[in-house]
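The next block holds one structure in the form of structure tokens; read it before the comments.
Just so we're clear, the structure is a prediction, and the values are computed from it rather than from any experiment.
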Amino acid sequence: MHAKCSDSNGKKGITRRTFLDTTLLTGAALLARGPGVIFGAESSGSSNVATNPTWKLGGDLTVNRLGFGAMRVTGEGIWGWPPDRGNALKVLKRAVELGVNLIDTADAYGPETSELLIAEALYPYPNGVVIATKGGLTRPGPGEWVPDGRPEHLKQAVDGSLKRLRLERIDLYQLHSIDPKVPMEESLGAIKEMKDAGKIRHVGLSNVEPDEIERALKIVPIVSVQNRYNIEDRKSENALVYCEKNNLGFLPWFPIGGTRGLKPENALNAAAKAHGVSVFQVALAWLLERSPVMLPIPGTSSVAHLEENIAAAKLKLAPEEWKAINALAS
């Protein structure tokens, strides 16, 4: 997930400030739904956490459907070290304590600092913890995200991530963005070489359309897609449906969307008021129930947010509430 690129065509989405403000306020709400309590909770959606508590990534890596995005453990603007390094380490450790076993990061987060912090906090990694990272976006400066899909760059990026994360093999390596200046076949060809060399276990894509997934599958097996997706912004609906049909994991980024701007009388706010919870918790509950392949990876820089939102695990939406919220798509 990144703050500037919203789709494979390179169009800008939300501003970095809106993205960070929203994530800071709401990212932990979904993460707190993660431990054993979460995966035993009931819900009214057709594909809920109760009946689908885990997902087999690539068919062989069992992960709790609720992961953690480690973008926000870096400094402001996803740049440099966090102001309180000790706190960042506590957040990462607490996430795992709460039952999270899918940690998503990228070499562009910091850059590099997110991966370094993950290793510092969690190495040696507990059994079952899956580390996913991404390459293909560079950071010339704060607020800048520039695609670089050159084969030589990606090979260096994989080796760099392995070193920073203290891994011999990366469980899930995702092409962060398709570089319009480099044929996808060349970029993924380099990643395939690294996979064949034993440095990558599974390959994923980010910010792609179904036709691009199809092209990618002709080069290397793909196990997951990470696209922007939330209640109001479902431009990636076709990609999600493709993932459902082809048994690929779908990692939504910016899962809350613009819910703070919705009118008070809408279905999301009505459900929140009825259950005595925040609209963010309701929005995230909907997201988890939307599809059994959904693997949300929200992030936070606050331990308190992780702990304060555990009550969201018990949230149960009535079928009519879920349908009414589902109808809010833009």
Once side chain to side chain donor-acceptor pair (under 3.5 Å) is applied, do any residues pair with H275, and if so which ones, sequence neighbours excluded? E321

Output all residues satisfying side chain to side chain donor-acceptor pair (under 3.5 Å) with D171, sequence neighbours left out; order by chain, then residue number. none

Look at R150 together with D148 and state whether they make a salt bridge at an N to O cut-off of under 4.0 Å. yes

Would E185 and K218 pass as an ion pair if we require N to O under 4.0 Å? no

Do I178 and S187 touch side chain to side chain, with heavy atoms closer than 4.5 Å? no

List the residues meeting side chain to side chain donor-acceptor pair (under 3.5 Å) with D60, not counting sequence neighbours, and say none if there are none. R201, H202

Go through the steps for K192 and D196 under the test salt bridge (Lys or Arg N to Asp or Glu O under 4.0 Å), then give the verdict. CA-CA 6 Å; K192 181 181 185 299; D196 292 342; 2.8 Å; yes

Does any non-hydrogen side-chain atom of R228 lie less than 4.5 Å from one of K235? no

Test item: Y173 and M194 side chains (from C-beta on) under 4.5 Å apart, heavy atoms: no

Measuring from atom NZ of K199 to atom CD1 of I191, what distance do you get when rounded to the nearest 0.5 angstrom? 13.0 Å

Rounding to 0.5 Å, atoms CG (L205) and CE (M184) come to a distance of 7.0 Å

Can you find a heavy atom in the side chain of L117 that is under 4.5 Å from one in the side chain of L89? yes

Salt bridge or not between E152 and K155? Use side-chain N to carboxylate O under 4.0 Å. no

Criterion side chain to side chain contact (heavy atoms under 4.5 Å, CB included) on I170 and S161, from CA distance to verdict: CA-CA 8 Å; I170 297 169; S161 290; 3.9 Å; yes

Option passing side chain to side chain donor-acceptor pair (under 3.5 Å) with W253 (candidates D104, N230, N227, N207): N207

Do any N or O atoms from the side chain of K93 and from the backbone of L122 form a donor-acceptor pair under 3.5 angstrom? no

Give the intermediate values and the outcome of side chain to side chain contact (heavy atoms under 4.5 Å, CB included) for residues N326 and R234. CA-CA 11 Å; N326 191 57; R234 301 186 215 171; 3.2 Å; yes

Sidechain N-carboxylate O distance under 4.0 Å for D107, R139: no

Salt-bridged, R290 to E244, with N to O below 4.0 Å? yes

For S206 and Q174, does a side-chain donor sit closer than 3.5 Å to a side-chain acceptor? no

Minimum heavy-atom distance between A271 and I325, given as atom pair plus value: CB-CD1, 4.0 Å

For the atom pair CD (Q226) and SG (C243), what is the distance rounded to the nearest 0.5 Å? 11.5 Å

To the nearest 0.5 Å, what is the distance between OG1 (T54) and CG (L57)? 11.5 Å

Minimum-distance pair of heavy atoms, taken over all atoms of T105 and A70: CB-CB, 4.2 Å

For a quick test of reading the model, state the closest non-hydrogen atom pair linking L172 to G204 and the distance between them. CD1-N, 3.7 Å

Hphob cluster co-occupancy, I213 + V182, side-chain heavy atoms under 4.5 angstrom: no

Report yes if some heavy atom in the side chain of V73 is under 4.5 Å from a heavy atom in the side chain of Y109; otherwise report no. no

Can you sort out the partners of Y125 under side chain to side chain donor-acceptor pair (under 3.5 Å), two or more places apart, ordered by chain and number? none

With the 4.5 Å side-chain cut-off for hydrophobic clustering, are I131 and Y123 part of the same group? yes

Measuring only between side-chain heavy atoms, which start at C-beta, is S291 closer than 4.5 Å to L240? yes

Any donor-acceptor pair under 3.5 Å linking the side chain of R85 with the backbone of P82? no

Under the 3.5 angstrom rule, does the side chain of N64 hit a backbone N or O of G99 as a donor-acceptor pair? yes

How are the rings of W145 and H176 set relative to one another: parallel (under 30°), tilted (30 to 60°) or perpendicular (over 60°)? perpendicular

Okay, side chain of N246, backbone of L248: is any donor-acceptor separation there less than 3.5 Å? no

Can you name the nearest heavy-atom pair linking W79 to P111, along with the distance? CZ3-CD, 3.6 Å

Just jot down the salt bridge (charged side-chain N to carboxylate O under 4.0 Å, His left out) partners of E214, sequence neighbours excluded, or say none. none

When rounded to the nearest 0.5 angstrom, what is the spacing between CG in D179 and CD in E186? 10.0 Å

If you define the side chain from C-beta out and look only at heavy atoms, does anything of T74 sit under 4.5 Å from W81? no

D211: partners by side-chain contact (heavy atoms from CB on, under 4.5 Å), with sequence neighbours left out: E209

How many angstroms lie between OG1 in T300 and CZ in F68, if you round to the nearest 0.5 Å? 6.5 Å

Considering only heavy atoms from C-beta outward, does the side chain of I118 approach that of L92 to under 4.5 Å? yes

Membership question, hydrophobic clusters at under 4.5 Å side-chain separation (ILVMFWY): are L217 and I200 in the same one? yes

Evaluate the side chain to side chain contact (heavy atoms under 4.5 Å, CB included) criterion for residues L251 and Y229: first the C-alpha distance (whole Å), next the side-chain angles of each, then the deciding distance (0.1 Å), finally the verdict. CA-CA 9 Å; L251 289 69; Y229 187 90; over 6 Å; no

